[in-house]
Trainee: 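My questions all concern the structure below.
Both backbone and side-chain heavy atoms feed into the values below; hydrogens, waters and symmetry mates do not.
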Amino acid sequence: MTDTIDGAALLNEVEAFHRRFNVFPREAAYVAVALWDAHAHLLDSFDSTPRIAFLSPEPGSGKSRALEVIETLVPNSMAAVDASASALFRAVSGVDGDRPTIIFDEIDTVFGPKAGDNEQLRGFLNAGHRRGRKMYRCVGDGANQTVQGFPSYCAVAVAGLGSLPDTILTRSVIIRMRRRARNEKVEPYRIGDHEKQGHAIRDRLAKWADQIRDQIRGARPVMPDGVTDRPADVWEPLLAVADAAGGDWPKRARAACAELVRASQADDKGSLGVRLLTDLRDHVLVGVEKLPTIAVLDRLNALEDAPWADLQGKPLDSRRLSKMLSEYMTSDNEPIASRNIRTAGGILKGYFAKDLQDAWSRYCPPPPQDSATSATPLQPSSDPLFV
């Protein structure tokens, strides 16, 4: 009879193994990564699998080392730095049934600004988030082609510079890496010595997964307050693993979930449209009920950390502002549009804060707690333009 494995103690061991070689930017990251390693052994017990993404603005931030350690702990790891989408289709749908865990370093070479078109690979990574989802392709020659569905469901860990397409980011646990400070020390990683140690932990994770597979299947763990929709989909498998492990892992997992979701929402500028809405709320239409378009553009283009002064070599203008905002609706289900504003100099076109309120509530992250948008009621502008 197989001895029952203490899940909490095993996850402690996984976390300790990472801490030997990795310096993560926050304590919550160690919890998330350990849970992700374990969940990779239990994919068929879940409806979805989150990607885990190690991202940084500069090289030398420990991203590749994080993937190397993960590679020793997950089942059937497959390094995929230069793998094509077709190769990944066939690897995941392999006849031997050994679904790989894909380890994709330097993903910025695939989705970065100089990478070109990689829609097939993006589609594979997106579809593979959900169990049972297939990618359909024509197979055969000429008139003898048939449509074949390729399974795409598998665990994926990625690392790269910069960011990722929004559709992948929203399916990911995001770890924002940074270079180690001089006082942050790690043990040198030696493949010949440490790979075997990681594999020994991996094998115990596999045995533990066999013991809890039935218990964890169909689990619906309680989410921390405020974690809903896609973030809840991302974290559900990880919290289910933590609940099965017991000990202090359920509590630590929920604290890590809340912290990392908040961090991703704070970091996430969303699409350019969401960034525009957020900047209008937090920096432009602050405490006023309306502003002429010329004043809106002046304030947007003056924001130092915003893209508006240089959009493909040109500042944001009234035509593009109007086009971008027209994609969103007012509370009356009408496209947001400029309206007449009476000023001291006559009638000017401009925007009313009340027209954007519905879009702000639907698309923007929560405002900063000290923001005037959350504390100051809308007032008529004191600008001398207005009468």
Side-chain angles (χ1 to χ4, degrees), residues 4-12 14-15 26-53 70 73-75 92 99 101-102 125-134 151-157 166-175 204-265 268 362 365-366:
T4 300
I5 295 175
D6 183 336
L10 181 56
L11 289 182
N12 289 343
V14 174
E15 180 183 0
R26 55 180 79 223
E27 288 295 303
Y30 293 101
V31 176
V33 174
L35 292 172
W36 192 91
D37 294 339
H39 111 283
H41 293 265
L42 288 155
L43 287 196
D44 287 327
S45 297
F46 307 122
D47 294 330
S48 63
T49 169
R51 282 68 181 94
I52 192 161
I70 284 176
L73 297 167
V74 296
V92 175
R99 177 196 292 120
T101 301
I102 295 174
L125 292 175
N126 290 343
H129 168 69
R130 285 285 185 188
R131 182 159 60 94
R133 193 70 57 85
K134 293 183 178 181
S152 57
Y153 182 57
C154 65
V156 180
D166 291 342
T167 54
I168 299 176
L169 281 178
T170 58
R171 292 166 169 83
S172 302
V173 175
I174 303 166
I175 311 296
R204 290 199 296 281
L205 282 171
K207 291 178 181 177
W208 181 55
D210 288 339
Q211 293 176 5
I212 66 170
R213 203 175 303 279
D214 292 337
Q215 168 193 344
I216 212 170
R217 185 174 286 114
R220 295 292 181 264
V222 176
M223 290 288 148
D225 290 343
V227 178
T228 60
D229 301 325
R230 184 55 63 77
D233 290 343
V234 166
W235 276 88
E236 185 172 271
L238 306 188
L239 296 186
V241 170
D243 288 346
D248 63 352
W249 278 93
K251 180 178 179 181
R252 295 184 70 205
R254 283 165 176 81
C257 170
E259 180 178 343
L260 291 177
V261 168
R262 281 196 305 269
S264 68
Q265 291 172 341
D268 180 21
R362 293 176 186 273

Trainee: Look only at the side chain of Q211 and the backbone of I5, and say whether a donor-acceptor pair between them is shorter than 3.5 Å.
Mentor: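 The answer is yes, because a donor-acceptor pair under 3.5 Å joins these two groups.
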Trainee: Mind checking the CG-CZ spacing from L10 to R204? Nearest 0.5 Å is all I need.
Mentor: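 That separation rounds to 6.5 Å.
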Trainee: Between T49 and H129, is there a side-chain donor-acceptor contact under 3.5 Å, judged purely by atom types and distance?
Mentor: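 Note: H129 and T49 side chains miss the donor-acceptor criterion.
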Trainee: Within a strict 4.5 Å, meaning less than it, do heavy atoms of the I212 and Q215 side chains meet?
Mentor: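 Of all side-chain heavy-atom pairs linking Q215 with I212, at least one is under 4.5 Å.
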Trainee: Should W235 and P50 count as side-chain neighbours, where that means a heavy-atom distance under 4.5 Å?
Mentor: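 Of all side-chain heavy-atom pairs linking P50 with W235, none is under 4.5 Å.
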Trainee: Does any part of the side chain of M223, heavy atoms only, come nearer than 4.5 Å to the side chain of T228, both counted from C-beta?
Mentor: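 No. Closest side-chain heavy atoms not under 4.5 Å.
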Trainee: If we ignore hydrogens and angles and just use 3.5 Å, is the side chain of Y153 paired with the main-chain N or O of L43 as donor and acceptor?
Mentor: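 Answer holds: yes.
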Trainee: Could I get the full list of salt bridge (Lys or Arg N to Asp or Glu O under 4.0 Å) partners for D44, not counting sequence neighbours?
Mentor: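 Here the qualifying residues are R99.
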Trainee: Any donor-acceptor pair under 3.5 Å linking the side chain of R51 with the backbone of L169?
Mentor: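 Here the side-chain-to-backbone pair does not exist.
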Trainee: With sequence neighbours excluded, tell me which residues meet side-chain contact (heavy atoms from CB on, under 4.5 Å) with D248.
Mentor: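 Once residues adjacent in sequence are excluded, the partners of D248 under the side-chain contact (heavy atoms from CB on, under 4.5 Å) criterion are R252.
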Trainee: Between the side chains of D233 and S48, is a donor N or O closer than 3.5 angstrom to an acceptor N or O?
Mentor: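 No.
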Trainee: Can you tell me how far the CG atom of D166 sits from the CZ atom of R171, to the nearest 0.5 Å?
Mentor: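 Output value for this atom pair is 10.5 Å.
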Trainee: Identify the two heavy atoms, one from V31 and one from A253, that lie closest to each other, and give their separation to 0.1 Å.
Mentor: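 The pair with the smallest heavy-atom distance is CG1-CA, 3.9 Å.
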Trainee: Nearest 0.5 Å, what's the CG-CG distance between L238 and D243?
Mentor: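 So the gap between those two atoms works out to 11.0 Å.
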Trainee: Looking at CZ of R254 and CG of D225, how far apart are the two atoms once the value is rounded to the nearest 0.5 Å?
Mentor: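 Going from CZ on R254 over to CG on D225, the span is 11.5 Å.
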Trainee: I need the minimum non-hydrogen distance between A8 and D6, along with the two atoms involved.
Mentor: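 Taking every non-hydrogen atom into account, N-OD1, 3.1 Å.
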Trainee: Please step through salt bridge (Lys or Arg N to Asp or Glu O under 4.0 Å) for the pair R217 and D214, ending with a clear verdict.
Mentor: CA-CA 5 Å; R217 185 174 286 114; D214 292 337; 3.1 Å; yes
Trainee: What are the two closest heavy atoms between P224 and A258, and how far apart are they?
Mentor: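 Nearest heavy atoms, P224 then A258: CB-CB, 4.2 Å.
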Trainee: Please examine the side chains of V241 and F46, heavy atoms only from C-beta on, and report whether any two atoms are closer than 4.5 Å.
Mentor: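 They are in side-chain contact.
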Trainee: For R213, look at atom CZ and say whether over 12 heavy atoms of other residues, nucleotides or ligands are found less than 6.0 Å away.
Mentor: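 Result for CZ/R213: enclosed.
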Trainee: Among side-chain atoms of W249 and N12, is any donor-acceptor pair under 3.5 angstrom?
Mentor: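 Judged by distance alone, the side chains do pair up.
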Trainee: Would you name the heavy atoms of A32 and V173 that are closest together and state the gap between them?
Mentor: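 That closest heavy-atom pairing would be CB-CG1, 4.0 Å.
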Trainee: Look up atom CG in L11 and atom CG in L205, then write down how far apart they are to the nearest 0.5 Å.
Mentor: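 Spacing of CG (L11) from CG (L205) equals 7.0 Å.
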Trainee: Could you measure the distance from the CZ atom of R131 to the SG atom of C154? Nearest 0.5 Å is fine.
Mentor: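 It comes to 14.5 Å.
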Trainee: Not counting sequence neighbours, which residues clear side-chain contact (heavy atoms from CB on, under 4.5 Å) with A53? List them please.
Mentor: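 Testing A53 for side-chain contact (heavy atoms from CB on, under 4.5 Å), a comparison that skips the adjacent residues, returns L55, V158, L164, S172.
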Trainee: Compare every heavy atom of I175 with every heavy atom of A29, then report the nearest pair and how far apart it is.
Mentor: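 Scanning both residues completely, I find the closest heavy atoms to be CB-CD1, 3.7 Å.
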Trainee: Between the main-chain N or O of L260 and the side-chain N or O of R26, is there a donor-acceptor pair closer than 3.5 Å?
Mentor: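 It does not hold such a pair.
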